[in-house]
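Report on the structure given below.
Each ligand, and each atom within it, is numbered from 1 in the order the structure gives. Keep in mind that the numbers below use all heavy atoms, side chains included, and drop hydrogens, waters and symmetry copies. Numbering starts at 1 and runs along the sequence shown. Keep in mind the model is a prediction, meaning the values are calculated, not measured.
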Amino acid sequence: MEDGIITKGSEHGEQETEKTVLRPFSVGSLPSIYYIPDFVSPAEQNHLLHQVNVAPVTKWKMLKNRRLQNWGGVVHEKGLLAQVLPPWLITVTQRIAKETTLFPAPINHVLVNEYLPGQGIMPHQDGPLYHPVVAILSLGSPALMHFTPHARILGITQEGIDEQQQQHTRSQGGKELSTFSVALMPGSLLVFKDSAYEDYLHGIDESSEHMLDETVVNAYACICQDDDRHRDGLREVQSMPAEEQCTKGILRRTGTRVSLTCRHVSKVQKNFLRL
Ligand SMILES: O=C(O)CCC(=O)C(=O)O
Ligand SMILES: [Fe+2]
């Protein structure tokens with residue numbers, strides 16, 4: 001995506017910009033989910049990975065199935081206890097906000113998630129404090145993100161979820177809700193809002209191989225050595241190690257994936273003592 005093509009204008013103007021600038025990157029059947037391949041170059045990826053890796057060890061929070069760095073401050077129910085982002089995150093988040101036009105104000109919160117092959121993140125919905133737009137920059141190694149309709153939307157109880165999720169498509173009030181997946185290749189930016197944000201859970205399976213089945217809305221983005229249809233669009237991603245390319249419809253995760261989850265929190269709590 002080219003730099004400098006977007007100007008911020010009225011709300012109407014922004015909607016127009018979303019339509020014209022982001023439309024080519026729209027994936028799947030929901031209106032507001034965009035996949036932008038090669039948003040950052042391999043050199044930029046290396047730069048960002050370097051910045052993540054030189055952060056103090058204490059910056060990492062160890063979780064059961066991944067580790068995490070939190071930048072921008074603590075998200076508290078009364079608002080963000082804000083901390084200024086470091087320069088390397090200001091640069092990349094300003095570019096994301098400018099080129100997507102979807103954020104109402106500067107991105108002020110970034111989570112860095114690191115996944116080893118076989119690690120993932122449970123299906124979840126992002127917290128209520130965030131403005132409901134998220135941009136996820138993927139670095140290093142690919143993964144497949146699943147979107148599943150929220151139980152609330154399906155009108156079912158927790159007990160019913162297992163049975164419900166075995167089927168791909170549900171109809172609720174005339175609205176078709178399907179599970180779908182997005183392949184997140186290194187260097188790509190995934191942006192979603194509206195229904196994808198509010199009506200769906202998103203997550204990454206704890207698996208080192210992901211099936212690229214018919215639910216994947218951007219299978220063209222993956223390098224499939226055995227699939228002629230995919231070859232042309234994929235030449236540019238040759239910087240990926242060969243063993244991470246997909247074969248026979250399977251996306252293999254052999255390296256560490258790092259993602260930057262970029263969001264805006266409107267409610268900022270500047271005076272910590274007042275909490
Ligand atoms: O790592 C990712 O791609 C997703 C992270 C995520 O969903 C989150 O931090 O809320
Ligand atoms: Fe999330």
Task: Heavy-atom proximity to atom 8 (C) of ligand 1, best of Glu114, His124, Gln119 - done: His124

TODO: Consider only side-chain heavy atoms of I, L, V, M, F, W and Y, link residues closer than 4.5 Å, and tell whether Val84 and Leu260 are in one cluster.
DONE: yes

Task: His202 atom NE2 and Asp126 atom OD1 as seen from the Fe ion (ligand 2), angle to 10 degrees - done: 90°

TODO: Write out the residue and atom name of the closest protein heavy atom to atom 9 (O) of ligand 1, then the distance separating them to 0.1 Å.
DONE: Asn113 ND2, 3.1 Å

- [ ] Indicate whether the side chain of His124 and that of His202 have a donor and an acceptor atom separated by less than 3.5 Å.
- [x] yes

TODO: Run the contact test for Arg263 against ligand 1 with a 4.0 Å cut-off on heavy atoms, strictly below, and give the result.
DONE: yes

TODO: Compute the ring centroids of Phe192 and Phe147, then answer whether they are less than 6.0 Å apart.
DONE: yes

- [ ] Taking only heavy atoms of Tyr115 into account, list the atoms of ligand 1 that are under 4.0 Å away from them.
- [x] 1 (O), 2 (C), 4 (C), 5 (C)

TODO: Return the minimal non-hydrogen interatomic distance between Ile204 and Gln119, and the atom names on each side.
DONE: CG2-O, 4.4 Å

TODO: Kindly determine whether His146 and Asp205 satisfy side-chain hydrogen bond (donor to acceptor under 3.5 Å, both in side chains), including the steps that lead there.
DONE: CA-CA 8 Å; His146 295 297; Asp205 284 353; 3.1 Å; yes

Task: Note, Ile36 side chain near Leu22 side chain (heavy atom, < 4.5 Å) - done: yes

TODO: List the closest protein heavy-atom neighbour of atom 3 (O) of ligand 1: residue, atom name, distance to the nearest 0.1 Å.
DONE: Arg257 NH2, 2.8 Å

Open item on the list: Below a 4.0 angstrom heavy-atom separation, can you tell me which part of Val134, side chain or backbone, both or neither, approaches ligand 1?
Closed with: neither

Task: Heavy-atom gap Arg66 to ligand 1 smaller than 4.0 Å - done: no

Open item on the list: Assigning hydrophobic clusters by single linkage (Ile, Leu, Val, Met, Phe, Trp, Tyr; side-chain heavy-atom cutoff under 4.5 Å), is Leu190 placed with Met122?
Closed with: no

Open item on the list: Between His109 and Tyr130, is the ring centroid distance below 6.0 Å?
Closed with: yes

TODO: Enumerate the atoms of ligand 1 whose separation from the nearest heavy atom of Ile136 is less than 4.0 angstrom.
DONE: 3 (O), 4 (C)

Task: Minimum side-chain heavy-atom gap Gln94-Pro106 below 4.5 Å - done: no

Task: Met122 contact mode with ligand 1 (heavy-atom cut-off under 4.0 Å) - done: neither

Open item on the list: Within ligand 1, which atoms have a heavy atom of His202 less than 4.0 Å away?
Closed with: 7 (O)

Task: the Fe ion (ligand 2) - closest N/O/S atom in His124 - done: NE2

- [ ] Identify the protein heavy atom lying closest to atom 4 (C) of ligand 1, giving its residue, its atom name and the separation to 0.1 Å.
- [x] Met145 CE, 3.5 Å

